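For reference, the structure discussed in these notes is given below.
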Amino acid sequence: MLGPVILAASRSDQMRRFVSVAPGTKQVVDRFIAGETVEHVVPIVLDATDKGLEVTLDVVGEDITTREQACAARDAYLDLIAHLKDLGLGTKAEMSVKLSMFGQALEDGHELALANVRPVVEAAAAIGTTVTLDAEDHTTLDSMFAIHEELRKDFPQTGCVIQAYLFRTEADARRLAASGSRVRIVKGAYKEPASVAHQDKGEIDKAYVRIMKILMEGDGYPMIGSHDPRLIAIAQELARRAGRKLDEYEFQMLYGIRSDEHVRLAAEGHRMRVYTAYGTDWYGYFMRRLAEKPANLLFFGRSIITKN
């Protein structure tokens, strides 16, 4: 299977250098990354909202090695929020953050990440929007959930992400569904060992459905992160059985993938949010998109061969 190989490559400095200079890289990166700066991404946000879509914005970059870099990541999000405020987009755009960007892996990283993310959550709340804490590899999750719980004391709308391929996630979903929080479910895009995660696609899909059912029947707000037509249809049926109205859950898909489906779901009255990443440190995010779907890798390969 290519997925695990690509995920391993996402941690390779040598592969990073190769991919960064490959002739076809920019063409493929532009498919998944909305731009390098806030100024680049603003027109994309405006276009999405004009189509009835909502967005969640991710400033990419996870390889934080200094406290200064962690503070710079915080400031990048504060700058984003200032732009959203000026555009009056607070009710249509939220933020997604990876706590690794805020220094979670550094010395005293839990406290540092909490200290850096709190002003971002505060600023988001001040303009009428919120923040969702992205899930990363399984070793970081206890810290992420603890920070999520702490932030929700003052900002109960703060969301978090759970990953269907992890064995622990059904228990996490039951706890979160009962709390009234906002929960995004995804399949998972990190290389995890068989001791903690399903490895078979069929088993992951079955777990995803079980977890969706828990969320739909709970008291929280489910956010269905999937491009899979079958899972989307199952989510709609589970929502119907649970008596949920169309504004009591939402779908989320990645920028650059199944864009026609984004518009179709919104036209049917569903809340449809586009996960939109931007920034210069795109490598880790890009490699996970390649690992998730073989077609993405083929597209990249053709781009390199044809050299644009």
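One is the number of the first residue; the rest follow in order along the sequence. In this text, all values refer to a predicted model and were calculated from it rather than measured experimentally.
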Using only heavy-atom distances, determine whether the side chains of [X] and [Y] contain a donor-acceptor pair under 3.5 Å.
| X | Y | answer |
| --- | --- | --- |
| T56 | E94 | yes |
| Q157 | R182 | no |
| Y221 | R244 | no |
| D137 | T139 | yes |

Shortest non-hydrogen contact from [X] toward [Y]:
| X | Y | result |
| --- | --- | --- |
| A124 | M95 | CB-CE, 3.8 Å |
| V117 | F102 | N-CD2, 3.9 Å |
| V60 | M101 | C-SD, 4.1 Å |
| Y190 | A135 | CE1-O, 3.6 Å |
| G103 | A70 | N-CB, 3.7 Å |
| I232 | S226 | CD1-O, 3.8 Å |

Spacing of [X] atom [atom1] and [Y] atom [atom2] [to the nearest 0.5 Å]:
| X | Y | atom1 | atom2 | value |
| --- | --- | --- | --- | --- |
| D142 | I147 | CG | CD1 | 11.5 Å |
| L114 | D108 | CG | CG | 12.5 Å |
| R184 | L215 | CZ | CG | 12.5 Å |
| K92 | D50 | NZ | CG | 10.5 Å |
| E203 | Q199 | CD | CD | 11.5 Å |
| L89 | I127 | CG | CD1 | 8.5 Å |

Output yes when [X] and [Y] qualify as a salt bridge under the 4.0 Å nitrogen-oxygen rule, no when they do not.
| X | Y | result |
| --- | --- | --- |
| R258 | D228 | no |
| E248 | K245 | no |
| E250 | R273 | yes |
| K51 | D47 | yes |

Side chains of [X] and [Y]: closer than 4.5 Å at any heavy-atom pair?
| X | Y | answer |
| --- | --- | --- |
| L106 | R67 | yes |
| Y275 | M253 | no |
| I44 | Y255 | yes |
| E170 | R210 | yes |
| I234 | Y208 | no |
| E68 | C71 | no |
| L141 | L166 | yes |

Fill in: Where at least one partner belongs to residues 115-124, residue pairs that pass salt bridge (charged side-chain N to carboxylate O under 4.0 Å, His left out), sequence neighbours excluded
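Checked against salt bridge (charged side-chain N to carboxylate O under 4.0 Å, His left out) - neighbours excluded - the pairs reaching residues 115-124 are R118-E150, R118-D154.
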Could you tell me whether the side chain of [X] and the main chain of [Y] form a donor-acceptor pair under 3.5 Å?
| X | Y | answer |
| --- | --- | --- |
| T129 | A93 | yes |
| H40 | E36 | yes |
| Q69 | T66 | yes |
| E136 | D134 | no |
| H83 | V38 | no |

Same apolar cluster: [X] and [Y], side chain cutoff 4.5 Å:
| X | Y | value |
| --- | --- | --- |
| M212 | V183 | yes |
| V55 | L265 | yes |
| M272 | L57 | yes |
| V161 | I204 | no |
| V186 | I211 | no |

Discussion item. Quick one, T276 with F32, criterion side chain to side chain contact (heavy atoms under 4.5 Å, CB included). Give me CA distance, side-chain angles, the key distance, then yes/no.
Written reply: CA-CA 8 Å; T276 306; F32 302 118; over 6 Å; no
Worksheet item: Run the side chain to side chain contact (heavy atoms under 4.5 Å, CB included) check on V274 and L254 step by step: do they pass?
Response: CA-CA 6 Å; V274 183; L254 297 173; over 6 Å; no
Practice prompt. Please step through salt bridge (Lys or Arg N to Asp or Glu O under 4.0 Å) for the pair E261 and R264, ending with a clear verdict.
Written response: CA-CA 5 Å; E261 185 71 355; R264 185 189 72 81; 2.6 Å; yes
Practice prompt. Taking atom CD of E39 as the centre, report whether more than 12 heavy atoms of other residues, nucleotides or ligands fall under 6.0 Å from it.
Written response: yes
Item to complete: Mark yes when over 12 heavy atoms from residues, nucleotides or ligands other than K187 sit less than 6.0 Å from its NZ; otherwise mark no.
Response: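 More than 12 within 6.0 Å, yes.
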Practice prompt. Would you sort out whether T49 and E54 count as a side chain to side chain contact (heavy atoms under 4.5 Å, CB included), showing the intermediate values?
Written response: CA-CA 6 Å; T49 56; E54 300 175 50; over 6 Å; no
Worksheet item: How far apart are the C-alpha atoms of E237 and R240, what are their side-chain angles, what is the distance that settles it, and do they pass the salt bridge (Lys or Arg N to Asp or Glu O under 4.0 Å) test?
Response: CA-CA 5 Å; E237 176 60 19; R240 185 191 66 78; 2.5 Å; yes
Worksheet entry | Criterion side chain to side chain donor-acceptor pair (under 3.5 Å) on Q163 and H138, from CA distance to verdict | CA-CA 9 Å; Q163 300 167 105; H138 77 279; over 6 Å; no
Worksheet entry | side chain to side chain donor-acceptor pair (under 3.5 Å) between D58 and Y77, worked out | CA-CA 9 Å; D58 173 14; Y77 273 98; 3.3 Å; yes
Practice prompt. Determine the sole option in I81, L151, V97 for which the side-chain contact (heavy atoms from CB on, under 4.5 Å) test with V131 is passed.
Written response: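 For V131, the side-chain contact (heavy atoms from CB on, under 4.5 Å) check succeeds only for V97.
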Discussion item. Before you tell me yes or no, could you show the steps for F251 and M223 under side chain to side chain contact (heavy atoms under 4.5 Å, CB included), namely the whole-Å CA-CA distance, both residues' side-chain angles and the distance that decides it to 0.1 Å?
Written reply: CA-CA 6 Å; F251 292 105; M223 301 180 286; over 6 Å; no
Worksheet entry | is_close_aromatic(H198, Y165), centroid dist under 6.0 Å | no
